[in-house]
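As the structure lists them, so they are numbered: ligands from 1, and atoms in each ligand from 1. Position 1 is the first residue of the sequence; numbering continues from there.
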Amino acid sequence: MLENTPKEITKRSALVVNPAKTCQPIGAMYAALGIHGCLPHSHGSQGCCSFHRMHLTRHFRDPIVASTSSFTEGACVFGGKSNLKKGLETVFEIYNPDVVAVNTTCLSETIGDDLTEIIRDTKIPEGKHVIYANTPSYYGSHVNGFSNMTKAIVSHLVNDEKIIENGKLAIIPGYVEPSDMSEVKRILKLIGIPFIMFPDTSEVVNTPNTGKYEMYPDGGVTVDEIKDLGNCEATVAMGKFASEAAAFELEKKSDVEAHTIKVPLGIKATDDMIMKFLELTGKSIPKELETERGQLVDIMVDIHNHYHGKKVAIFGDPDIVIAMTEFAISLGLIPTSILTGTPGNAFEKQINEMLEQAGIEDAKVKASGDLMDLHQWIKNEPVDMLIGNTYGKYIARAENIPLVRLGFPILDRVGHSYFPSVGYKGAMRIIEKISTAFLDKYDMECAEEDFELVM
Ligand code: SF4
C-alpha cells in the first residue's frame, strides 16, 4: 500500500498528492441543507453538482438534494445567466423549495458571472427566497465554502433592523455532524437557554427511515428564525474557520456581538463552551451536565493507561483538528504530526501555541498540506495512532497503525451522523474509540502469553 511514497522528503511546490481537503461548493451545499425547505443550487457544470451530492450521500447515507445550472460549452463562452434564470424558474415550479441557495463552481467563477445582477433580474415567486455565495474552488477548501454560505444566510435573509430583543443566542455550530448539532442543542436546552442555531442539518441529513421520501425533511433552521437572528443577544460561533465570518457579518449587520470559541470537542473545549453560555446568559450549570462531566473524568482516569504517552497524528478540517489536538493533549497523548489541507496561518499558530504550552517539541504542523506530507512524516517519526477521515485508511494500512475516524468525510463506517463527537458525551465516545482501537491492535498482535482477559 502506498509503496511509491518515499521516506525521504523532497520539497514540492506544484504537486499535491492525496489532498486533505475538497473544494468550496460542497461545503456551501452542506451549509444550505441546514436551512429548512432549502434546495442548494450549483451554478456551473453538472459534474460538480453530481460529485458533491454523491460525496455527501456517501458520508451521510441519506439522500442529498441539489440542482444545477448545467452549463454547456455555450454558457462557458457567453456566460451562465440564462442557465441560472431558467434553472431557478424550473426549480421553483417543479420542486417548490422555500429557499434556493446558489453556490458557484470554478467554471462560473472563471467566467465571472455576476450572481447579484442575474438574481436581481430573475422573477422569484412571492414568499420564496434566493440566497447566493461565491464559492471559487481554487481558493481555500470545502470549509471556506461552508463559511461563505453561512455568511450568505446572514447577508441575504436576516432583517436589517433590530425590532425587539428576542432573548436568544445565535449559535453557529461549524462544519460538524448533524449529531453534533443535536448535542449542542441538547446542552443549550439543559441549561435553559433559548437559541437559534444556523445552519442546522440535524434531521435533514440523518433522517429516520419512515418508508416515505421527504424532499424537505423536518429539520433545518426556518426562514422566520433566520430573519429573527438580528434580534439575538449575542452569537456564539464554533470554529474560527467555518463560523466566524457569519458571526462577524451578523455583528456588522445587526449589532449582535460575536464570540468565537473552538468546536466543543474534548473536555476543555466543552468547558469553554459552557462557560461562554453561562457568561452570556447569567444561567447556572445544571446538575445533569456536572454529572456528565464527572463521568467523562472518570473514564479518562479509568483508561488513561491505554493511551498515555502514545504518539498520534491528527489531520482533517482545521476547526476539528485544533479541538482534537487540544483533547489529545488532555488525554496524555502526544500529537507529533498535525495537518490540515485548508490554508490559514491561524491553524499553525494555534496548534503551535498548544504544543508549546504542553511542552511537546519537534512536532510537525502544517496548513495547506496533503496526505503525502503526513505519510512521509509518519515514515520518519512513527506514530501509534492516526486520527482523521476515511482517507487516512491507506496510511493506516501501509504503516500498520490504527485509524480513529473523525471529521469529514467518513465513507467506510456508519454511526457518525447519529452519535456526537462534541460535548462531554462526544468526548466519552472519542475516548472509547481511541481506547478500543489500541486494545484491538494489541489483542491481535501480542504474544499468546501476554493475551489478557482483563485489560
Ligand atoms: S474543483 Fe471545480 S470543477 Fe472540480 S468539483 Fe470543484 S467546482 Fe467542480
Structural part of Cys23 in contact with ligand 1, heavy atom criterion under 4.0 angstrom = side chain

query = Would you say His52 touches ligand 1, if touching means a heavy atom closer than 4.0 Å?
reply = yes

key: Cys48 backbone or side-chain N/O/S under 2.8 Å from atom 6 (Fe) of ligand 1   = no

key: Plane angle bin for His55 and Phe408 - parallel if under 30°, tilted between 30 and 60°, otherwise perpendicular   = perpendicular

request  = Measure up the His59 and His416 rings against each other and bin them: parallel (under 30°), tilted (30 to 60°), perpendicular (over 60°).
outcome  = tilted

inquiry  = Starting from atom 7 (S) of ligand 1, what is the nearest protein heavy atom, named by residue and atom, and what distance separates them?
reply    = Ser137 OG, 2.9 Å

ask   = Hey, does the side chain of Tyr175 reach the backbone of Ser243 with a donor-acceptor pair shorter than 3.5 angstrom?
value = no

ask   = Any donor and acceptor pair, going by atom type alone, linking the side chain of Asp317 with main-chain N or O of Val143 inside 3.5 Å?
value = no

task = Check each atom of ligand 1 against the heavy atoms of Thr105 and keep those under 4.0 Å away; list them by number with element.
result = 7 (S)

query = For ligand 1, which atoms have a heavy atom of Cys106 less than 4.0 angstrom away?
reply = 1 (S), 2 (Fe), 3 (S), 7 (S)

task = Could you tell me which non-hydrogen atom of Phe327 sits nearest to which non-hydrogen atom of Ile431, and how far apart they are?
result = CZ-CG1, 3.8 Å

